[in-house]
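All figures in this text were calculated on a predicted structure; none of them were measured in a lab.
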Amino acid sequence: MKPSFLQERGIPDTAACPAKSTEDQALVSSDLIPQRGESTDSALTKWHDAFYEKEKERAVKMPEALPEDFTPFGIVIVNICSLSDDDLNATAMAAHPVFRRFDLRFESFNSATSYSTPASMRLLRASCGQETEADMYAQRKPSCELMTQLSTLGFRPSVFLDHNGTYGDYLKTLGNLAGLPQEINDQKNLKIAYRSFDGSPVFDDGDVFRQYERSVLSEAGSSDVTFFNLIALHDGNRFADSGKSASYPKRLSKLLDDLNDFMDALERSHLRVALMVVPEHGAQFRDDHMQIATLREIPTSRITKVPVYVRFFGKARTSEQINLKGYYSYLALSDLVRRCIENNYYGDKGDLKTLTEDLPQTWPVSEATNAEFMLFKGKEFYRLKKEPWSAYHY
């Protein structure tokens, strides 16, 4: 059965979706279980169940201690609400100069969900394979928690938000289920850029980045891990001074400019910092044949395929940006961090190509509250809870 908005549009269930260009490069990975046979409901369900069974076995184990010759560095994770590859293309922002400044780009990175709290939770629990949402919310698993693992190794954690973290118990939930520290940045003197749909303040991201520069970045030579969560792009934000609606392209342009300025500051510091930009999910800025703009009920690839980039500051750039082909998700980021530590990447012999070779891949499978979505043999399928799988049509 289709949701009511699909029935009203009279959308059929049978047309095929175009094949994805990443597929040939991804299939060389043994991480990806084969996709064979016809795309029947029973075959899709069987493969979907097998995917999650395999994911239960996958994990990244951090070293028990730092290497003796370890060179300290900072890790900065910038988790951005409402930004997908499709949003960048639809707003003509994919060519923003900030993206050329990164060392690594993940060609196809799946956020695995279309909503904020589960997206941040999946990122913070990156050291384990992909879980169902029900399993993820069932219990805390410290062995999966990236910031918990890094704190155990001596990395000093900090959290910076451009919001108060109270809506939907965002901060509390991530503390209870993903080990996120509950002490956040001091927001008393931050400029308010927007008002959220619930009237709460959304602080200026440039101010938030500068706050990090004055506090965490100023302590040179230490190992730290910092988690940013930024919601300036969330639907419904209004300019704080006028109360008028703030268009998504304008907010996106400002955020990318702020990120560019932040990268300038990191370069000027000459400190060793690994910057990882990992959006939560897309905004669904443009509609398609089955979902109107901003609706994220079905976690399609236009929403969950997000622009993930990494830059290693404080280390000489020896090559052009590396484009990592294949299907990736959070496990690859955790393994990248592990390799940086275990191989002492910031030491004299650290090599970017070796660092990124054969990172773990993950099939694009996504879940929202009432819908699931996946790629199977180059075609995209969705199902509402307890209903058969159907082809998705853009």
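For Ser200 and Asn164, the side-chain atoms include no donor-acceptor pair closer than 3.5 Å. Between the side chains of Thr294 and Gln284, no donor-acceptor pair is found at a separation under 3.5 Å. Checking Arg286 against Thr91 by side-chain atom types alone, no donor-acceptor pair falls below 3.5 Å. For Ser301 and Tyr394, the side-chain atoms include at least one donor-acceptor pair closer than 3.5 Å. For the residue pair Thr173 / Asn176, no side-chain donor-acceptor distance below 3.5 Å is found, with atom types taken as modelled.
With contacts defined as side-chain heavy-atom distances shorter than 4.5 Å, the pair His234/Phe197 qualifies. Residues Pro118 and Met136 are in side-chain contact: their nearest non-hydrogen atoms beyond the backbone lie under 4.5 Å apart. Side-chain contact between Ser158 and Asp224 is absent, with no heavy atoms from C-beta onward closer than 4.5 Å. Under the 4.5 Å side-chain criterion, counting only non-hydrogen atoms from C-beta, Thr152 is not in contact with Met62. Between Val202 and Ile192, every side-chain heavy-atom pair lies at or beyond the 4.5 Å cut-off. In this structure, Phe228 and Phe209 have side chains that are in contact, with non-hydrogen atoms separated by less than 4.5 Å. You'll find the side chain of Arg302 stays beyond 4.5 Å of the side chain of Gln291, heavy atoms only. Within the 4.5 Å cutoff, the side chain of Arg101 has heavy atoms near those of the Glu267 side chain.
Outside the 6.0 Å centre-distance limit, the rings of Phe160 and Phe227 are not counted as a close aromatic pair. Proximity of the aromatic rings of His163 and Tyr170 is defined here by a centroid distance below 6.0 angstrom, and this criterion is met. Residues Trp389 and Phe381 place their aromatic rings such that the two centres sit no closer than 6.0 Å. Taking the ring centroids of Phe373 and Tyr392, they lie under the 6.0 Å cut-off.
With values rounded to the nearest 0.5 angstrom, Ser127 atom OG is found 13.5 Å from Tyr330 atom OH. Thr45 OG1 to His48 NE2: the interatomic distance, rounded to the nearest 0.5 Å, is 8.0 Å. Rounded to the nearest 0.5 Å, atoms CG (Leu174) and NZ (Lys172) are 12.5 Å apart. Here the straight-line distance linking atom CG of Asp86 with atom OG1 of Thr304 works out to 10.5 Å at 0.5 Å rounding. To the nearest 0.5 Å, atom CG of residue Leu324 and atom CG of residue Leu104 are 5.5 Å apart. Note that the CZ atom of Arg105 and the CG atom of Asn323 stand 4.5 Å from one another [nearest 0.5 Å].
Taking the charged nitrogens against the carboxylate oxygens, Arg338 and Asp335 do have a contact shorter than 4.0 Å, which makes a salt bridge. For the pair Lys141 and Glu131, the salt-bridge criterion is met [side-chain N within less than 4.0 Å of a carboxylate O]. Ionic pairing of Lys56 and Glu53 is present here: one or more N-O contacts between side-chain nitrogen and carboxylate oxygen are shorter than 4.0 angstrom. Classification of Asp186 and Lys188 as a salt-bridged pair holds, one side-chain N sitting under 4.0 Å from a carboxylate O. We find that Lys54 and Asp31 are not joined by a salt bridge, their nearest charged nitrogen and carboxylate oxygen being 4.0 Å or further apart.
Across all non-hydrogen atoms, the minimal contact from Ala265 to Leu217 is O-CD2, 4.4 Å. Contact detail for Ala232 and Asp162: the closest heavy-atom pair is N-OD2, 3.4 Å. Between Glu145 and Leu177, the shortest heavy-atom distance links the atoms OE2-O, 3.8 Å. Residue His281 comes nearest to Ser116 through the heavy atom pair NE2-OG, 3.3 Å, listed as atom of the first residue, atom of the second, then distance. The minimum heavy-atom distance between Phe155 and Leu66, with the atom names listed, is CE1-CD2, 4.1 Å. Nearest heavy-atom pair, Asn237 versus Ser196, reported as atom, atom and distance to 0.1 Å: OD1-CA, 3.4 Å.
In terms of modelled atom types and a separation under 3.5 Å, the side chain of Arg251 and the main chain of Leu233 share a donor-acceptor contact. Arg195 places no side-chain N or O within donor-acceptor distance of the main-chain N or O of Ala240, the cut-off being under 3.5 Å. Formation of a donor-acceptor pair under 3.5 Å by the Glu55 side chain with backbone atoms of Gly129 is not found in this model. The main-chain N or O of Phe312 is found under 3.5 Å from a side-chain atom of Asp103 such that the two form a donor-acceptor pair.
Figure legend: Arg311 and Phe313 shown as a cation-pi pair, the cationic atom lying under 6.0 angstrom from the six-membered ring centre and within 45 degrees of its axis. With a 6.0 Å cutoff to the six-membered ring centre and a 45° limit on the axis angle, Lys305 does not count as a cation-pi contact of Phe109.
Heavy-atom contacts from other residues, nucleotides or ligands closer than 6.0 Å to NZ of Lys353 number 12 or fewer. Counted within 6.0 Å of CZ on Phe70, heavy atoms from surrounding residues, nucleotides or ligands total more than 12; the atom is thus considered enclosed.
If you chain together hydrophobic residues whose side chains sit under 4.5 Å apart, Leu359 and Ile75 fall into the same group.
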Intermediate values then yes/no, side-chain hydrogen bond (donor to acceptor under 3.5 Å, both in side chains), Gln211 and Asn189: CA-CA 10 Å; Gln211 192 178 43; Asn189 297 317; over 6 Å; no

Stepwise, does the ring pair (Phe, Tyr, Trp, His ring centres under 6.0 Å) test hold for Tyr345 with Phe73? CA-CA 10 Å; Tyr345 177 68; Phe73 68 99; 8.2 Å; no

Would you please test Phe102 and Gln321 for side chain to side chain contact (heavy atoms under 4.5 Å, CB included) and show each step? CA-CA 6 Å; Phe102 288 89; Gln321 185 178 94; 3.8 Å; yes

May I have the step-by-step check of side-chain hydrogen bond (donor to acceptor under 3.5 Å, both in side chains) for Asn110 and Ser329, ending in yes or no? CA-CA 5 Å; Asn110 183 40; Ser329 196; 5.1 Å; no

One pair to check against side chain to side chain contact (heavy atoms under 4.5 Å, CB included): Trp47 and Met374. What are the steps and the verdict? CA-CA 10 Å; Trp47 184 90; Met374 69 177 183; 3.7 Å; yes

Would Arg58 and Thr362 satisfy side-chain hydrogen bond (donor to acceptor under 3.5 Å, both in side chains), going step by step from the backbone distance to the final call? CA-CA 10 Å; Arg58 306 177 76 197; Thr362 304; 3.3 Å; yes

Start with the C-alpha distance between Asp257 and His96, add both sets of side-chain angles, then the distance that settles side-chain hydrogen bond (donor to acceptor under 3.5 Å, both in side chains), and finish with yes or no. CA-CA 9 Å; Asp257 288 346; His96 193 286; 2.9 Å; yes

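Checking each of Gln139, Glu133, Arg140 against Tyr137 for a side chain to side chain contact (heavy atoms under 4.5 Å, CB included) leaves exactly one that passes, namely Glu133.
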